[in-house]
Every structure is written in C-alpha cells, then in structure tokens.
Undergrad: 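Take a look at the following structure, please.
Numbered from 1 within each chain, the chains take letters A, B, ... in sequence-line order.
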Amino acid sequence: MSRRALLFAAAMGCTALSAVPPASAAPDAKRGEAIYARCQACHALAFDRVGPRHCGLLGRHAGSLPDYGYSAALKRSAIVWDDKSLDRFLAAPMKAVPGTSMTYDGIPDRQERADLIAYLRQVDQTPACSASAPSAR
Amino acid sequence: MSFFQMPSPLAARRLFLGRTGLTLSGAAVALLAGNEALATKAGGAGAQDVQILNTALGAELEAIAAYQLGAESKLLQPGVLDLALSFQGHHKEHADLLAKTVAKLGGKAVLAKARYNFPVEQLKSQADVLKFAASLEQGAVSAYLGAVPLFGNRDLAKAAASILGDEAMHWAILRQALGEAPVPVAFMS
C-alpha cells in the first residue's frame, strides 16, 4: 500500500472512530430514538401493529398484553422485560426465544441496544405513551 | 435500442437481463415470477422460513391498508395520489407473492386484519401522509434487512432482498417528495 493510501486509510479510520460513540458510552435515549426507526416496520409506541406496542414494555411480562396475538414461544418464555432481558433478546431475538414471530436478525452492537433501551425507558414517561390510542380502521 | 428507451419496464428488463447475462436461480425466478410449483420443488425452507415470510406478509398487508388510508384522505394532490397508488400496487404484489409462497411451503398465510390502528388524527396535510408512509417504508427496509440473513433457503433470502430494494426506492422517493435528502445514508441498518 502506498504512503498516500495508508494516510487515507488512517484518516478514514479516525473519522469513523470519531463518529461512533465509545463502547462504554452511557446509554443515550436520543441515539436510541434514531435506532427505534428500525422497529417501526412492525411496532408503534402506543398501539399494536404487526408487533405489540412498546409503551409500558419495561417491567412487563413477555407475551402478556391481553389483546395481542403473541407466539406461543414468547408466551411461555417467562421473561420479564428489563435492561438485561431486553438486551439479550434484541441481540438475536430468534436465538433468545426460538419460535418468536419477531423474525429479525437483531442488533449486534451493544451500545445501540443500550441506547434503544434507554429510549424505551425515557419515552414511557412522555405524552407519546400517555396519549390515547389512535383510531382504528 | 437503449435500455432506457424501451417502451415498457418489462421489455427493458428483458433487454437488461439478456445483455448482461445476469441470471437468477431457479427458485428465485419461480418465486419472483409467481410460479409456485417450481418454488415448491426447490424446497429447503423450514418452519422458520414460513414464519419469516408470514411476518413480512403481515407488514405488507398493513402497508396496503396504510396507503389506502392515504389515498382516501383527500389530502393528496393528483400526482402524489398516483404515486401512492403505484406503491400500494407494489405492496399488493409483494403480499400476493408472500402468501402464495407460504401456502406452497405448507404454511398458513396470515390474513389482513379487519381493522388497523393508524394515527389518523395526526394526518392533516399531504406532508403528514407522506411522512407517515416514509416512516413505514423506512421500517420495512430495516425489517427485510433483518430478515434476509435468517432464511434457511438462500433463494427465499434473495427474493426478500428483491422486495427490500423496492421498499428502499419507495422510501427515497417519499423523502424526495418531502424535500428531504432522498438517500440520507450510505448504509441502512
């Protein structure tokens, strides 16, 4: 590799590093909100869609919303959603709960998972989770 | 004749495939063309693949309903309405193909819900409708991206990736219509 190429690679590496939070950064709900866009294919905060609603998730027993059709696997999982169980599930849902209908490869980055969980915790305290459910049609 | 001057997308696709020598595997062609018998013979998909297809089907059915909501909202200008109906047509094609594939693989395809929860109260302008649609399309790209690596059958993964590309185009065009950068990032996640 030429000296110019090495310098370019080094510069790109520095740029990339500066754009990504360090592995030990505190969970950031703002970053988590951006990550939540990935979830919005199937989920919403305040109402059920293809996936169940997320308001009130932390502290809830998995598969316990009475009006949502969970997979049998999640209903019998005995999981209570907290930071640890959510982190494990979000890393690889189908490995954490084989048979889940959340057919998603997961979020491999630990920091991103922490940020997302921080967002779910924070948003629970906002009007987004206290407003009434939207109209059904 | 140039690829870009062909009279129809189908003709252009034929020309493109013919000139580049690009080929798809037998099962992917069967799936993408709706030839269920060939897809069944290709086999290899397990219960997990059926579950993945069914989850995707549920999301496609919701998207069809969402575009119907937008189309009936009377908030869309004629050109935008045409675009929305065009995208809805794509989602109908995706849903039809997914449902047929689930059935041929021995599964039971999920059905559209009788009612969907949509944030109707928040849709007060054309821009609101476009933002709503864009958020669904962005989510769909992430969902297919998260599903593609899970398929046991690589031909199903390839077919799902084909749908992913379509959803990404929808998202980009909706962003453009909203005056946003159509392609905001180099990598999707």
Undergrad: Look at the rings of Tyr36(A) and His54(A) and say which category their plane angle falls in: under 30° parallel, 30 to 60° tilted, over 60° perpendicular.
TA: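 It falls in the perpendicular class, over 60°.
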
Undergrad: Side chain, backbone, both or neither: which part of Ser71(A) has a non-hydrogen atom closer than 4.5 Å to chain B?
TA: neither

Undergrad: Report which part of Glu62(B) has an atom under 4.5 Å of a heavy atom belonging to chain A: side chain, backbone, both, or neither.
TA: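 For Glu62(B), the side chain is the part near chain A, not the backbone.
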
Undergrad: In terms of heavy-atom proximity below 4.5 Å to chain A, should Leu150(B) be classed as side chain, backbone, both, or neither?
TA: side chain

Undergrad: I'd like to know which of Glu137(B), Gln48(B), Gln138(B) tops the heavy-atom pair count under 4.5 Å against chain A.
TA: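 Result: the option with the highest number of such pairs is Gln48(B).
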
Undergrad: Tell me whether Arg49(A) contacts the main-chain N or O of Ala41(A) through its side chain, where contact means a donor paired with an acceptor under 3.5 Å.
TA: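 Pair found, side chain donor or acceptor close to backbone of Ala41(A).
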
Undergrad: Got a donor-acceptor contact below 3.5 angstrom from the Arg121(A) side chain to the Ala29(A) backbone?
TA: no

Undergrad: Using modelled atom types only, decide if a donor and an acceptor are shared between the side chain of His43(A) and the backbone of Pro52(A) within a distance under 3.5 Å.
TA: yes

